[in-house]
Peer 1: 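Sharing a structure with you now.
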Amino acid sequence: MRLLVCGGAGFIGSTFVRLRLREYGDEITVLDKLTYAGRRENLHDVLEEIRFVHGAIENPAAVADAIEGCDAVVNFAAETHVDRSISGPDAFIVTNMQGTHVLLEAARERGLRYAQVSTDEVYGSIESGSFTEESPLCPSSPYSATKTGADLLVSSYFHTYGMETVICRGSNNYGPYQYPEKLIPLMILNAVAGDRLPVYGDGRNVRNWLYTEDFGRGISAALVSGTPGEAYNCGGPDECENLHVVERIIELTGADPALIEFVTDRPGHDRRYSLSSEKLRALGWEPRVRFDEGLERTVGWYKDNDWWWEPIRAGDYREYYERHYGRALR
Ligand SMILES: NC(=O)c1ccc[n+]([C@@H]2O[C@H](COP(=O)([O-])OP(=O)(O)OC[C@H]3O[C@@H](n4cnc5c(N)ncnc54)[C@H](O)[C@@H]3O)[C@@H](O)[C@H]2O)c1
């Protein structure tokens with residue numbers, strides 16, 4: 001396929017680009033604004049094999065340039081950090097909603113298939129059981145609300161214009177190349193550096209962990225074999241409390257357990273997410289990486305790739321971290 005991958009310089013997008021090049025032999029154009037979370041370094045080993053367009057999805061001219069010659073669009077581009085959406089929602093409205101609209105228009109004009117990458121957070125929190133694609137959408141943060149708005153807009157383009165759209169909703173991803181503001185890389189890098197390990201609330205929030213390559217395969221299945229107009233959940237094989245994730249990282253890095261520090265909970269923090277992925281499994285997808293194995297691989301990757309994260313921890317991230325957690329990194 002000739003794919004336009006929007007947000008392909010981010011964590012999941014870059015993994016997807018690598019997967020589609022290596023396993024499917026696609027021709028790929030990446031359109032990415034290169035925000036703090038998007039980095040050419042995430043594509044360092046494949047930059048020669050793709051076309052890279054530096055631009056924003058909310059900019060119709062940049063989209064028109066990037067989409068030239070493509071058969072399908074996959075949209076990863078988003079503002080993605082819940083904490084940042086609480087302190088500054090504006091960028092989330094522009095990228096997640098307006099940007100999705102610009103992409104949909106460009107794909108519609110050209111009659112292209114369109115896959116929207118979405119999240120389990122659109123369903124909100126669930127005490128027990130799992131959400132199916134028929135569950136009501138009940139987002140609770142500006143991040144998840146703007147992702148939900150985008151999903152509804154995508155569905156409307158199927159219903160109104162008959163456009164070939166699919167949506168793939170992933171649970172919490174982890175793996176190499178994830179920006180260290182998110183739980184797992186944050187804890188790994190702090191553990192390695194001997195920094196405190198800030199755990200929100202009582203640490204009992206439960207997440208359904210999905211190795212990022214497994215999400216890439218799930219998105220591929222929805223893109224290639226999904227029925228137009230449908231959404232597909234893509235949940236990880238294992239659930240785990242945040243505190244247990246941190247304890248496991250301590251074991252894998254040999255850090256001091258006394259580094260754990262319970263900090264004031266995030267406002268509106270969802271307690272538990274859980275997805276039923278039966279519909280995606282019916283397309284032949286299944287997760288290949290269990291949490292224990294994936295976490296070990298991920299810790300190993302961060303230990304071996306300080307060239308990737310040292311510039312982040314030495315740059316603007318320090319200021320963000322200090323503002324957010326009220327203490328400086330080492
Ligand atoms: N990380 C998770 O656990 C998770 C789980 C489920 C779904 N998702 C979804 O997957 C997608 C990718 O998430 P991620 O974790 O890789 O995020 P990320 O923050 O690592 O990457 C986002 C990418 O989008 C780019 N971007 C941001 N605004 C842009 C704009 N206006 N125009 C063009 N590019 C822009 C950034 O530069 C970056 O490369 C998002 O849509 C997110 O909602 C993430």
Side-chain angles (χ1 to χ4, degrees), residues 4-18 29-43 52-63 65-66 73-85 90-103 106 115-123 139 141-151 154 167-186 207-216 218-219 222 231-236 270 273 275 277 294 298 312:
L4 172 60
V5 180
C6 303
F11 160 51
I12 307 171
S14 61
T15 304
F16 179 79
V17 166
R18 215 168 266 115
T29 300
V30 166
L31 172 64
D32 200 295
K33 192 176 178 178
L34 298 178
T35 65
Y36 74 96
R39 301 171 73 214
R40 287 177 202 271
E41 286 87 334
N42 294 350
L43 294 166
F52 185 86
V53 178
H54 182 195
I57 59 168
E58 65 272 19
N59 176 349
V63 171
D65 170 17
V73 177
V74 187
N75 182 27
F76 292 86
E79 287 290 336
T80 61
H81 192 39
V82 174
D83 290 341
R84 289 185 193 250
S85 85
D90 305 36
F92 289 72
I93 311 280
V94 173
T95 292
N96 300 2
M97 296 199 59
Q98 198 180 321
T100 299
H101 174 237
V102 170
L103 287 178
Q116 175 77 358
V117 179
S118 185
T119 163
D120 56 0
E121 298 193 33
V122 299
Y123 299 113
S141 69
Y143 164 65
S144 52
T146 52
K147 291 297 291 184
T148 307
D151 282 9
V154 171
I167 298 170
C168 190
R169 298 184 177 131
S171 59
N172 272 61
N173 273 234
Y174 68 103
Y177 301 101
Q178 187 170 27
Y179 195 79
E181 65 191 355
K182 305 281 169 63
L183 180 77
I184 288 182
L186 168 78
R207 299 294 181 258
N208 183 196
W209 293 101
L210 177 64
Y211 195 61
T212 185
E213 274 178 21
D214 277 334
F215 192 27
I219 296 162
Y232 295 86
N233 289 345
C234 186
D270 288 334
Y273 298 130
L275 289 180
S277 313
T298 305
I312 297 177

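For ligands, and for the atoms within them, numbers begin at 1 and follow the listed sequence.
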Peer 1: Tell me which part of Glu58 gets within contact of ligand 1: side chain, backbone, both or neither, using heavy atoms under 4.0 Å.
Peer 2: side chain

Peer 1: Looking at Gly236, is its backbone amide N or carbonyl O close enough to the side chain of Ser171 to form a donor-acceptor pair, meaning the two atoms are under 3.5 Å apart?
Peer 2: yes

Peer 1: Heavy atoms only: give me the nearest Gly38-Asp32 pair and the separation to one decimal.
Peer 2: CA-OD1, 4.3 Å

Peer 1: Work out whether the distance between some heavy atom of Tyr36 and some atom of ligand 1 is less than 4.0 Å.
Peer 2: no

Peer 1: Heavy-atom distances under 4.0 Å decide this one: backbone, side chain, both or neither, for Ser171 against ligand 1?
Peer 2: backbone

Peer 1: Under 3.5 Å, side chain of Asn233 to main-chain N/O of Asp120, donor-acceptor pair present?
Peer 2: no

Peer 1: Minimum heavy-atom separation for Ile167 and Asp151, please, with both atom names.
Peer 2: CD1-O, 3.6 Å

Peer 1: Enumerate the atoms of ligand 1 whose separation from the nearest heavy atom of Thr119 is less than 4.0 angstrom.
Peer 2: 6 (C), 7 (C)

Peer 1: Any nitrogen or oxygen of Ile57, main chain or side chain, under 3.5 Å from a nitrogen or oxygen of ligand 1?
Peer 2: yes

Peer 1: Of the non-hydrogen atoms in Arg40 and Phe52, which two are nearest, and what is the gap between them?
Peer 2: NH1-CD2, 3.5 Å

Peer 1: Does Asp32 reach ligand 1 with a nitrogen or oxygen that is under 3.5 Å from one of the ligand's nitrogen or oxygen atoms?
Peer 2: yes

Peer 1: Could you tell me which atoms of ligand 1, counted from 1 in the order shown, lie closer than 4.0 angstrom to a heavy atom of Phe11?
Peer 2: 15 (O), 16 (O), 20 (O)

Peer 1: Just say parallel, tilted or perpendicular for the rings of Phe76 and Phe16, cut-offs at 30° and 60°.
Peer 2: tilted

Peer 1: Which residue and atom name correspond to the protein heavy atom nearest atom 6 (C) of ligand 1, and how close is it?
Peer 2: Gly170 O, 3.3 Å

Peer 1: Counting from 1, what ligand 1 atoms have a heavy atom of Ala56 closer than 4.0 Å?
Peer 2: 32 (N), 33 (C)

Peer 1: Where on Ala91 is there a heavy atom closer than 4.0 Å to ligand 1, on the side chain, on the backbone, on both, or on neither?
Peer 2: neither

Peer 1: Which residue holds the protein heavy atom closest to atom 44 (C) of ligand 1, what is that atom called, and what is the gap in Å?
Peer 2: Ile12 CD1, 3.4 Å

Peer 1: Near Ala77, which atoms of ligand 1 are under 4.0 Å from a heavy atom of that residue?
Peer 2: 24 (O), 33 (C), 34 (N), 35 (C)

Peer 1: So, 4.0 Å and heavy atoms of Ser14: is ligand 1 close enough to count as a contact?
Peer 2: no

Peer 1: Of the backbone atoms (N, CA, C, O) and the side-chain heavy atoms from C-beta on, which set of Phe92 has a member under 4.0 Å from an atom of ligand 1: side chain, backbone, both, or neither?
Peer 2: neither

Peer 1: Evaluate the criterion salt bridge (charged side-chain N to carboxylate O under 4.0 Å, His left out) for residue pair Lys33 and Glu58; output intermediate values, then yes/no.
Peer 2: CA-CA 10 Å; Lys33 192 176 178 178; Glu58 65 272 19; 3.0 Å; yes

Peer 1: Does the Ser85 side chain pair with the main chain of Tyr143, one donor and one acceptor, at a distance under 3.5 Å?
Peer 2: yes

Peer 1: Checking the side chain of Asn42 only, and the main-chain atoms of Ala9 only, is there a donor and an acceptor separated by less than 3.5 Å?
Peer 2: yes

Peer 1: State, with a plain yes or no, whether a side-chain heavy atom of Arg169 is found less than 4.5 Å away from one of Val122.
Peer 2: yes

Peer 1: Could you tell me which atoms of ligand 1, counted from 1 in the order shown, lie closer than 4.0 angstrom to a heavy atom of Asn172?
Peer 2: 3 (O)

Peer 1: Suppose I only count heavy atoms of Ala78 and a 4.0 Å limit; which atoms of ligand 1 are within that range?
Peer 2: 22 (C), 24 (O), 27 (C), 40 (C), 41 (O)

Peer 1: With distance as the sole test, does Thr146 use its side chain to make a donor-acceptor pair with the main-chain N or O of Met97 at under 3.5 Å?
Peer 2: no

Peer 1: Counting heavy atoms only, which of Glu121, Lys33, Arg169 comes nearest to atom 33 (C) of ligand 1?
Peer 2: Lys33

Peer 1: For atom 10 (O) of ligand 1, what's the nearest protein heavy atom and its distance?
Peer 2: Val117 CG1, 3.4 Å

Peer 1: Looking only at protein heavy atoms, which one is nearest to atom 28 (N) of ligand 1, and what is the separation?
Peer 2: Thr95 CG2, 3.4 Å

Peer 1: Is any N or O atom of Gly10, backbone or side chain, closer than 3.5 Å to an N or O atom of ligand 1?
Peer 2: yes

Peer 1: Which protein heavy atom lies closest to atom 3 (O) of ligand 1, and at what distance to 0.1 Å?
Peer 2: Asn173 N, 2.8 Å

Peer 1: Short list, please: which atoms of ligand 1 are under 4.0 Å from a heavy atom of Tyr143?
Peer 2: 42 (C), 43 (O)

Peer 1: Provide, to 0.1 Å, the distance between atom 41 (O) of ligand 1 and the closest protein heavy atom, together with that atom's residue and name.
Peer 2: Lys147 NZ, 2.7 Å

Peer 1: Given Thr35, Leu34, Thr80, which one has a non-hydrogen atom that is nearest to atom 19 (O) of ligand 1?
Peer 2: Thr80

Peer 1: Is the closest heavy atom of Phe76 to ligand 1 under 4.0 Å?
Peer 2: yes

Peer 1: Does some non-hydrogen atom of Gly99 fall short of 4.0 Å from ligand 1?
Peer 2: no

Peer 1: So, using salt bridge (charged side-chain N to carboxylate O under 4.0 Å, His left out) as the criterion, who are the partners of Arg207 when residues are at least two apart?
Peer 2: none

Peer 1: Taking 4.0 angstrom as the limit and counting only heavy atoms of Ser118, give me the atoms of ligand 1 inside it, by number and element.
Peer 2: 6 (C), 7 (C)

